[in-house]
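Throughout, numbering of the chain's residues begins at 1 and tracks the sequence.
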Amino acid sequence: MIEPAPPTPVFGHRSDAVDASLRELDGRRVVWFSLDGGKHRGAIGSAEGEALERAVRIGIDLGIPVIGRIASSGADVNEGVAALHAWGRVAKALADASGVVPTLVLTVGPAVSGPALLLGLVDHVVMTADAFAYVSGPDVVAAFTGVTTTHDRLGGAALHERWSGVATLVAPDEDDAMLEVRALLDYLPSNHLEDPPIEASFDPVDRDCVRAAGVVPARGAASYDVRAVVTDALDEESFLELRPAYAPNIVTGLGRLDGRPVGIVANQPMFRAGTLDIEASRKAARFVQWCDAFNFPLVTFVDTPGFEPGRDLEWRGMIRHGAELVHAYAAATVPRLCVVLRKAYGGAYIVMDSKRLGNDWCIAWPTAEIAVMGAPGAVQILHGRKLRAIAEAEERAREQAELETEYEDRFANPYVAAERGYVDDVVAAVDTRRALAGALARIGTKREVRPNRRHSNSPL
């Protein structure tokens with residue numbers, strides 16, 4: 001396995017199950033710990049809990065990233081209830097580190113029982129393909145539900161990559177997992193008081209976005225891969241997509257704009273037409289909140305017809321989970337840029353970092369459609385009675401088409417929004433990179449003062 005450089009003598013702990021120390025990783029000082037081995041693989045007892053807690057708290061005190069390698073069979077049953085409190089103290093330390101220093105974990109084997117919850121507390125988890133994680137194992141599931149399952153089907157890396165979102169990235173083996181951690185670390189500041197590291201960019205900032213301009217279809221119902229737009233607007237080969245398989249109808253990731261790291265959120269028309277559902281809202285909300293914690297300016301690319309409709313979604317809490325994304329954007333204090341590419345309808349348009357939600361700079365392409373809803377739905381609401389009174393089908397269809405065209409001309413364009421101050425500028429698609437880089441240069445030093453309070457009550 002590719003490991004960080006040998007430990008420095010400032011801090012260190014080594015036992016059968018835990019190895020923790022200060023190390024150098026690609027020139028960056030980090031706290032490194034490994035939970036593995038021992039009589040029961042990586043079992044957390046009192047000694048292990050104390051060592052892991054100390055490692056995390058040293059990271060907080062020194063203001064440096066905490067990176068862990070975990071393969072744990074859970075709490076050490078030989079210690080009884082003391083083992084439960086052992087991983088509880090690690091959880092408390094990770095909660096204290098949240099938003100203060102970056103926390104990254106490689107899961108290279110099992111991560112089961114209560115300690116599996118530690119994966120949900122860190123910023124990002126990279127799993128190897130053979131790793132698995134769950135709170136209740138196959139035997140407990142079979143005893144409680146009568147359903148027989150396996151480690152992989154219950155909590156395999158592929159499941160956490162696609163369905164739960166626990167895994168930010170999945171790698172074939174441990175060496176590749178470490179490479180993913182290093183790639184992620186390249187973008188990260190050491191702590192919340194620092195800005196992400198800027199690198200020299202050799203990609204001209206005034207380059208035309210020819211590929212982006214050509215990839216978006218004029219027809220609103222046609223799909224395309226929004227990542228082609230994102231990568232063309234950012235510095236060449238700088239985009240690192242995070243949680244790509246989870247809630248693929250929204251894209252999140254890190255990139256660089258004129259050398260400066262930024263967080264990217266983009267609707268993905270290739271999946272579910274770019275609608276917002278529960279998982280997409282949760283994925284984007286946590287990413288926005290994390291970017292805000294570590295000073296990443298946010299760039300949002302909008303192309304969504306709205307929230308995905310469905311009784312199941314409403315029953316499962318679409319209101320509450322959609323509000324998570326509203327709250328994350330509204331509470332973010334970093335510079336916030338937005339590009340409306342095509343469709344921006346209804347409540348989903350407001351959610352995607354609209355101007356009155358606190359956005360700093362919003363531009364739209366000339367082909368953008370910013371409206372309460374699409375023309376067909378609006379015409380049915382506004383003129384439904386009139387259309388139903390037309391008996392002849394062909395004449396009714398012709399009248400509806402004329403009304404839809406009239407609605408699009410009057411409302412479904414960026415110019416009405418620009419007149420009212422909801423869009424700062426209407427920019428040709430080829431000028432997207434220039435416009436974003438210029439705006440970031442102007443507002444990159446933004447500092448927003450928030451009310452003095454313990455914390456907000458976000459709709460978790």
Side-chain angles (χ1 to χ4, degrees), residues 1 16-18 33-45 48-49 52 68-80 83-84 86-88 90-91 94 103-181 241-249 271-272 277-280 282-283 286 312 316:
M1 188 194 80
D16 289 342
V18 176
F33 71 81
S34 177
L35 175 65
D36 197 351
K39 185 176 181 181
H40 302 287
R41 187 179 185 186
I44 298 180
E48 290 77 20
L52 295 175
R69 174 184 176 275
I70 289 180
S72 173
S73 58
D76 190 344
V77 295
N78 293 317
E79 289 197 20
L84 301 179
W87 76 259
V90 182
L94 287 172
T103 52
L104 313 175
V105 162
L106 296 86
T107 307
V108 298
V112 301
S113 189
L117 298 175
L118 300 178
L119 303 186
L121 291 174
V122 300
D123 295 329
H124 294 286
V125 176
V126 180
M127 297 183 76
T128 55
D130 59 348
F132 57 88
Y134 47 70
V135 175
S136 300
D139 292 341
V140 175
V141 170
F144 193 77
T145 68
V147 176
T148 301
T149 187
T150 64
H151 296 304
D152 287 339
R153 291 175 62 189
L154 186 61
L159 181 150
H160 288 303
E161 178 184 36
R162 174 66 182 87
W163 297 109
S164 74
V166 168
T168 300
L169 298 165
V170 171
D173 54 38
E174 206 166 324
D175 283 349
D176 285 326
M178 197 64 206
L179 290 175
E180 297 284 15
V181 168
E241 187 173 1
L242 303 177
R243 294 186 174 90
Y246 173 61
N249 44 326
F271 296 94
R272 310 177 90 91
D277 61 359
I278 287 175
E279 299 307 323
R282 295 176 62 195
K283 171 184 174 178
R286 189 169 189 213
D312 176 64
R316 288 166 49 212

key: Minimum heavy-atom distance between Ala177 and Ala171, given as atom pair plus value   = N-CB, 3.4 Å
Glu180: partners by salt bridge (charged side-chain N to carboxylate O under 4.0 Å, His left out), with sequence neighbours left out = none
key: Those residues that, when tested against Ser34, pass side chain to side chain contact (heavy atoms under 4.5 Å, CB included) (two or more places apart)   = Asp19, Trp32, Asp36, Arg69
key: With Thr148 via side chain to side chain contact (heavy atoms under 4.5 Å, CB included) - residues at least two apart   = none
Distance-only donor-acceptor hits, side chain of residues 128-140, under 3.5 Å, sequence neighbours excluded:
{"from": "Thr128", "atom 1": "OG1", "to": "Thr107", "atom 2": "O", "distance (Å)": "3.4"}
{"from": "Thr128", "atom 1": "OG1", "to": "Asp130", "atom 2": "OD1", "distance (Å)": "2.8"}
{"from": "Tyr134", "atom 1": "OH", "to": "His151", "atom 2": "ND1", "distance (Å)": "2.7"}

remark   = Minimal heavy-atom distance between Lys283 and Arg243, with the atoms involved, is NZ-O, 2.8 Å
task = Measure the OH-CD distance between Tyr246 and Glu161 for me, rounded to the nearest 0.5 Å.
result = 13.0 Å
Distance-minimising heavy-atom pair for Ala116 and Ala111 = CB-O, 3.2 Å
query = Does Arg316 have any salt bridge (charged side-chain N to carboxylate O under 4.0 Å, His left out) partners at least two apart in sequence or in another chain, and if so, which?
reply = Glu279, Asp312
task = Look up atom CE in Met127 and atom OG1 in Thr168, then write down how far apart they are to the nearest 0.5 Å.
result = 10.5 Å
note = Of all heavy-atom pairs linking Gly155 and His160, the shortest is O-CD2, 3.1 Å
request  = Could you list the residues that satisfy side-chain hydrogen bond (donor to acceptor under 3.5 Å, both in side chains) with Glu79, not counting sequence neighbours?
outcome  = Ser46
key: Nearest heavy atoms of Leu52 and Phe33, plus distance in Å   = CD2-CD1, 3.4 Å
key: Pairing residues for Ser113 by the side-chain hydrogen bond (donor to acceptor under 3.5 Å, both in side chains) criterion, not counting sequence neighbours   = none
task = Could you tell me which non-hydrogen atom of Ile44 sits nearest to which non-hydrogen atom of Ala86, and how far apart they are?
result = CG2-CB, 4.0 Å
task = Identify, with sequence neighbours excluded, every residue that meets side chain to side chain contact (heavy atoms under 4.5 Å, CB included) alongside Val122.
result = Leu94, Thr103, Val105, Val125
query = For Arg272, which residues count as a side chain to side chain contact (heavy atoms under 4.5 Å, CB included) partner, sequence neighbours excluded?
reply = Asn249, Thr275, Asp277, Glu308
